[in-house]
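Some notes on the structure that comes next.
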There are 2 protein chains.
Amino acid sequence: MIGNKRNTPGFNDVALKEGLGKSKPHVALQAGAQSVHRTIRLLRAVADSNDRGMRLTQIAQKTGLPTTTVHRILAVLVAEEFLEYDLVSKCYRIGIELYAIASRARRFALRDKYRNCLENIARATQDSVYLVVRSGPDALCIDYIEGKSTIRIMTYDVGSRRPLGIGAGSLALLAFAPDDEVEGILKANELRYRKNNNMTVSELKGLIKQARALGYAFNQGHFMKGINGVGVPIYDEQGDVVAAVSVGSITERINPMRSQEIAELIKSEIALMR
Amino acid sequence: MIGNKRNTPGFNDVALKEGLGKSKPHVALQAGAQSVHRTIRLLRAVADSNDRGMRLTQIAQKTGLPTTTVHRILAVLVAEEFLEYDLVSKCYRIGIELYAIASRARRFALRDKYRNCLENIARATQDSVYLVVRSGPDALCIDYIEGKSTIRIMTYDVGSRRPLGIGAGSLALLAFAPDDEVEGILKANELRYRKNNNMTVSELKGLIKQARALGYAFNQGHFMKGINGVGVPIYDEQGDVVAAVSVGSITERINPMRSQEIAELIKSEIALMR
DNA sequence: AACAGTTTTCCATATTATGGGAAGCAGTTT
DNA sequence: AAACTGCTTCCCATAATATGGAAAACTGTT
């Protein structure tokens, strides 16, 4: 009868990402969607320890949400088979439906397909290797292997984006796209090129021309000082570019001559996958 | 100033699945979770047309939810990268985060790994082929290929479950599990065996013994009249059973002699995958 | 330029999600 | 066996959150 006030009522769940410098200053980014955010937070938590599985209280602790709330949401996720629940161990794991839905995204399946390929290239070059796909006006990294070199170069994690053209793999995606699309992309990204990367559209056009002439994208520190990269496109059956593999390292390791060799290596590894 | 009453306030979103004959009669299955259910509904809708992508109104139409609500939830999903949004075409697609989370479920990745294998077996036998994994006390189908035979046999879709031991693949999972686990599973499923499949634990023990002797599970219409099946286990590096491949067809097509051949075929195809 | 279709914002409303409390369950320890 | 401990599940009053109609802002088309 005492009634209950919520501990942290409008708790700032949204305080996660806002870094992209979008407009809308003082309007909360996603209002009216607490539970959806929370649901996703729970899924992430479970996925992080999927092999051992996670129990209710662990999940609650990890996410900082009240046990009751977690329980309620997890029950739905289990009912929808987004999660599996083992009655005996009382552990939650990723469910078949979540997997089935994700599988519909064929483009990301390239990751599995080219995993070996990346590994071979990484072994041969000892440098960092990246696999990127196009996502709207961006290049999206869907897999990468860190180089053996002592110097960590980019923080270019899976899921990270940059404007098409910025970076070797990204440039490959752009340069080998159809002309009319290239125009649209350049225009759409013009502002970001200038603000984030200190580059102009005409500079990019130069790089595109060069890439087309070479047959691969060669980035000589254009985007980040001291970092060079080589990017090679991957085509689908229709001849459209669907992804790109790139190798990046410090300038000294990737001079023009070696860039040629690396490009050939990537091409031959890609060819094996067909 | 007229105020607005919601069209369909407590709309019965939950009326989806309840068929599993669970207890709890007159208590709504998942109360207090409308938005989570809706979120999942939206994800399904988008996934269904992922190649072309879907636009807001289409999604709203397909799911029967008000545009505004859809818009709000989709915004969150995009922010969390569960979906991608193409500014130009205004289309939504599966996002990288959803894929990344699903990828943590290694067990389901068997599906990709053995896809070719299933195809080869399907081509050679012309019968239906299934790939199942263990999920708690159940066998869970994660992939299948329908046979060429004119008679559609089982509706054993991806995501469908049955108690471990019921069905050829399912029996293979059970029979080649460690003894102590087998005991636990049999006990846990005892009721279901009897109620749903009209079988006793001791009958199952007989089948297990037979399977162990043969080196594969052979189901001669024990579970469904007129349907035979052959199931072969797949082991991981530690020697634990992680999945099973099975072939099923009408009794006439799978007699004891052919079952032996099929088992050998499956085994050799699996061996190629190592 | 007018139009039709779609996307996005706004906001009053009450339905739905919330979370404290407590009852149930295991699994250990005395 | 009983008492204890930690975890899971149920209950339900409360108000914060999600809701969806209305209308504004776009977009593309005739």
Side-chain angles (χ1 to χ4, degrees), chain A residues 1-14 22-39 41-42 53-79 83 85-92, chain B residues 1-14 22-39 41-42 53-79 83 85-92:
Chain A
M1 243 283 178
I2 295 156
N4 47 1
K5 49 188 164 179
R6 302 192 190 182
N7 249 0
T8 45
F11 198 44
N12 193 3
D13 281 2
V14 190
K22 253 303 172 88
S23 46
K24 288 295 146 58
H26 65 300
V27 148
L29 249 289
Q30 266 80 35
Q34 192 187 66
S35 54
V36 182
H37 274 293
R38 289 180 166 189
T39 301
R41 235 208 275 181
L42 293 176
M54 275 189 107
R55 306 186 63 172
L56 180 63
T57 29
Q58 298 176 50
I59 300 172
Q61 230 143 19
K62 188 166 175 179
T63 55
L65 297 173
T67 329
T68 320
T69 302
V70 173
H71 182 262
R72 179 163 28 84
I73 296 178
L74 290 186
V76 182
L77 292 173
V78 169
L83 293 180
Y85 182 56
D86 184 339
L87 258 312
V88 178
S89 67
K90 311 213 161 182
C91 278
Y92 293 86
Chain B
M1 245 289 179
I2 295 152
N4 47 0
K5 48 187 164 180
R6 302 187 190 186
N7 248 2
T8 46
F11 198 44
N12 192 3
D13 281 3
V14 190
K22 252 307 171 84
S23 47
K24 287 295 148 55
H26 64 302
V27 148
L29 248 288
Q30 266 78 36
Q34 191 188 64
S35 52
V36 181
H37 274 294
R38 290 180 167 189
T39 301
R41 237 210 272 180
L42 292 176
M54 275 189 108
R55 305 188 62 172
L56 180 64
T57 30
Q58 297 176 50
I59 300 173
Q61 231 142 21
K62 188 166 177 178
T63 54
L65 296 172
T67 329
T68 320
T69 301
V70 174
H71 182 262
R72 179 165 27 83
I73 296 178
L74 290 186
V76 182
L77 293 173
V78 170
L83 293 180
Y85 181 55
D86 185 339
L87 259 312
V88 178
S89 66
K90 310 212 162 185
C91 277
Y92 292 85

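Per chain, numbering begins at 1; letters A, B, ... match sequence-line order. Owing to the predicted nature of the structure, the values given are computational and were not obtained by experimental measurement.
Atoms NE2 (A/H71) and P (C/dC25) sit 13 Å apart, rounded to a whole Å. Straight-line distance from the OH atom of A/Y92 to the P atom of D/dT9: 5 Å, rounded to whole Å. Regarding B/H37, its NE2 atom lies at a distance of 13 Å from the C1' atom of C/dA17, rounded to whole Å. The CG-P distance, from B/L42 to D/dG20, rounds to 12 Å in whole Å. A straight line from CD1 of A/I73 to P of D/dT8 spans 16 Å, rounded to a whole angstrom. Between the CG atom of A/L65 and the P atom of D/dT17 there is a distance of 13 Å, rounded to whole Å. Whole-Å rounding puts the B/L74 CG to D/dT19 P distance at 12 Å. Note: CD (A/Q58) to C1' (D/dG6) measures 13 Å, nearest angstrom.
Here the CG-OG1 distance, from B/L74 to B/T69, works out to 10.5 Å after rounding to the nearest 0.5 Å.
Of the side-chain N and O atoms in B/T57, none sit less than 4.0 angstrom from OP1 or OP2 of C/dG5. For C/dA17, the OP1/OP2 oxygens have no side-chain nitrogen or oxygen of A/R72 closer than 4.0 Å. In terms of phosphate contacts, A/S35 brings no side-chain nitrogen or oxygen within less than 4.0 Å of OP1 or OP2 of C/dT18. At least one side-chain nitrogen or oxygen of A/Q34 sits closer than 4.0 Å to the OP1 or OP2 atom of C/dT18. A close approach under 4.0 Å does occur between a side-chain nitrogen or oxygen of A/R38 and OP1 or OP2 of C/dT18.
Minimum heavy-atom separation, B/V76 to A/A33: CG2-CB, 3.1 Å.
With D/dA22, C/dT7, C/dG19 as the candidates, the nucleotide lying closest to the side chain of B/T67 is C/dT7. Of the candidates D/dT9, D/dA22, D/dT19, D/dT9 carries the atom nearest the A/L56 side chain, counting heavy atoms from C-beta on. Side chain of B/K90, nearest nucleotide from C/dG20, D/dT27, D/dT17: D/dT27. Distance from the side chain of A/T69 is smallest to C/dT18 among D/dT19, C/dT18, D/dC7. Nearest nucleotide to the B/Y85 side chain, out of D/dG20, D/dT17, C/dT8: C/dT8.
Projected onto DNA chain D by closest heavy-atom contact, B/V88 and A/R55 fall at different nucleotides, the more 5' of which corresponds to A/R55.
Contact of the B/L83 side chain with the B/L42 side chain is not registered, since no non-hydrogen atoms from C-beta on lie closer than 4.5 Å. Annotation: side chain of B/H71 is in contact with side chain of B/L56 (closest heavy-atom distance under 4.5 Å).
B/S89 pairs by the side-chain contact (heavy atoms from CB on, under 4.5 Å) definition with B/D86, B/C91, not counting sequence neighbours.
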